[in-house]
Undergrad: 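Before we start, here is the structure in question, set down as structure tokens.
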Protein chains: 2
Amino acid sequence: MTDSPTKPRREQIQDAASRLFSERGYHATSMRDLAGELGMQGGSLYAHISGKEDLLIEIVNGAAQQFDEALFSLRDLDLPADAKLREAMFRHITVVADNMESATVFFHEWKHLSPGAYRRVIGWRDTIDDFYRGLVEQGVREGTFRPDLDVKMTAYLILSAVNWSYTWYRPGGSLTPRDVAEGFAATLLSGLRTGGDRP
Amino acid sequence: MTDSPTKPRREQIQDAASRLFSERGYHATSMRDLAGELGMQGGSLYAHISGKEDLLIEIVNGAAQQFDEALFSLRDLDLPADAKLREAMFRHITVVADNMESATVFFHEWKHLSPGAYRRVIGWRDTIDDFYRGLVEQGVREGTFRPDLDVKMTAYLILSAVNWSYTWYRPGGSLTPRDVAEGFAATLLSGLRTGGDRP
DNA sequence: CCTACCGATCGGTAGG
DNA sequence: CCTACCGATCGGTAGG
């Protein structure tokens, strides 16, 4: 939330790129569009960056890093699986909510990265998958989650809930990330049906 | 599954466009790329279509129509909410699974449509939202779903599960759309926790 | 369906 | 950070 009036130019460029790439897509945004947003000429951008893909890499890596930081510290925390699920979903949705634009770019444009950066994203995605699979396994092991759960599919269900939020969540609306995470986690843990609400 | 050897040219173009748009994105696919896939020259495409956006509109409308057809006939079917949820998720995921490429284009590229087509997609999306919200309301009304459910959020959770499948589902893999829908619906209805599995 | 071409625009650079 | 420019490529058209 540091929005000082003297934000470094490079950061201003990055912010504008996030906005334009998320609205129009990476390939549909020209360097001249981007420069225009900042009141400069197209060529002038290259005093600050070395190429268009730099901007995309920075956005995607930044998003990946935020998800990583949010979840990594949770991995070895000594919490029961249900509490850990709630907290993970809260953190995951918070990253999306606090970075709607770069999250959108992340989900839509990472396939357009060149091979090296592309592979890094795949690796990151697998790490996140593993995190949620480990969480489900923990719950089953502890006996709090149903033993018949398909671990991969259950992890995908959780990931669906937290990731898809980039399409509909509106920061500043009536729902906080906490509301969404608690609501989603409650349903995932206890189900839609009337009955066993408290563990 | 009609893959006759004499598929009309226009259809071949549409298929190739779905594939390329889903892999590279709409703006990153050139008409010459597309023509090359079919062994023709760039300009020759315009004997069959009137513009690049035609192809995108056709893909997006086709996908929207498939979702519509799958769900619309369910709306007034006399089924309890839980059975209807299972069936809706099955049909929804089946559309995604049977049309992985156009589903991907649909979710990623509809924002690049010109105003008219854009508005139609918004309208369609709202219809789908309403369908799932109505389903949740029905369950609450019938007393089978928890009365404290937030209808909108619950509908978003269901939509997350079925829509996000375009990112991970692999046709021909070990999971059928039926497996996924049944697994997801079981967890959504009864929860991850051990305990009240049967209603 | 091809050849040949249109004006526009692209990402990026040189030189200041 | 600007001016002026590069070669490449874009979507699309004319005329056959």
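All chains are named by letter (A, B, ...) in the order of the sequence lines, taking the proteins before the strands, and each is independently numbered beginning at 1. Scope of the values below: all heavy atoms of this structure, side chains included, with no hydrogens, waters or symmetry mates.
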Undergrad: Between A/Tyr46 and C/dT13, does any side-chain N or O lie under 4.0 Å from OP1 or OP2?
TA: no

Undergrad: Quickly work out the A/Met40 CE to D/dT3 C1' distance and round it to whole Å.
TA: 15 Å

Undergrad: Answer yes or no for B/Arg91 and B/Phe67: cation-pi contact, defined as NZ/CZ to six-membered ring centre under 6.0 Å and angle to ring axis within 45°.
TA: no

Undergrad: Starting from C1' on D/dG12, measure out to NZ on B/Lys52 and report it in whole angstrom.
TA: 12 Å

Undergrad: Could you state the CD-P distance from A/Glu53 to C/dC10, rounded to the nearest angstrom?
TA: 18 Å

Undergrad: What is the pairing partner of C/dA8, taking Watson-Crick or G-U wobble pairs with both distances under 3.5 Å in any strand?
TA: D/dT9

Undergrad: Under 4.0 angstrom, heavy atoms only, what part of the nucleic acid is B/Thr29 near: base, sugar-phosphate, or nothing?
TA: sugar-phosphate

Undergrad: Picking from D/dG11, D/dT3, D/dC1, which would you name as closest to the side chain of A/Gln41?
TA: D/dT3

Undergrad: If you compare every side-chain N and O of A/Arg32 against the phosphate oxygens of C/dG12 (OP1, OP2), does one of them come in below 4.0 Å?
TA: no

Undergrad: Less than 4.0 angstrom between a side-chain N/O of A/Ser30 and OP1 or OP2 of C/dT9, yes or no?
TA: no

Undergrad: Between atom CG in B/Asp54 and atom C1' in D/dG12, what is the gap in whole Å?
TA: 13 Å

Undergrad: Could you tell me how far apart B/Asp33 (CG) and D/dC10 (P) are, to the nearest whole angstrom?
TA: 6 Å

Undergrad: For the residue pair A/Lys152 and A/Tyr132, would you count it as a cation-pi contact if the rule is NZ or CZ under 6.0 angstrom from the ring centre and within 45 degrees of the ring axis?
TA: no

Undergrad: Which sits closer to the 5' end of DNA chain C, A/Ala28 or A/Gly43, going by the nucleotide each is nearest to?
TA: A/Ala28

Undergrad: How long is the line joining NE2 of A/His48 and P of C/dT13, in whole Å?
TA: 16 Å

Undergrad: Measure from NZ or CZ of A/Arg86 to the centre of the six-membered ring of A/Phe184 and say whether it is under 6.0 Å with the direction within 45° of the ring axis.
TA: no

Undergrad: D/dT9 P sits how many Å from B/His27 NE2, rounded?
TA: 19 Å

Undergrad: Quick one about B/Ser18 and B/Asp15 (side-chain donor to acceptor, distance below 3.5 Å, no hydrogens or angles considered), yes or no?
TA: no

Undergrad: Do B/Thr127 and B/Trp124 have side-chain N/O donor and acceptor atoms under 3.5 Å apart?
TA: no

Undergrad: Considering only D/dC2, D/dG11, C/dG11, which nucleotide approaches the side chain of A/Met31 most closely?
TA: C/dG11

Undergrad: Please report the distance, rounded to the nearest Å, between CG in B/Leu20 and C1' in D/dG11.
TA: 16 Å

Undergrad: For D/dG15, give the paired nucleotide (Watson-Crick: N1-N3 plus N6-O4 or O6-N4; G-U: N1-O2 and O6-N3; both under 3.5 Å), or none.
TA: C/dC2

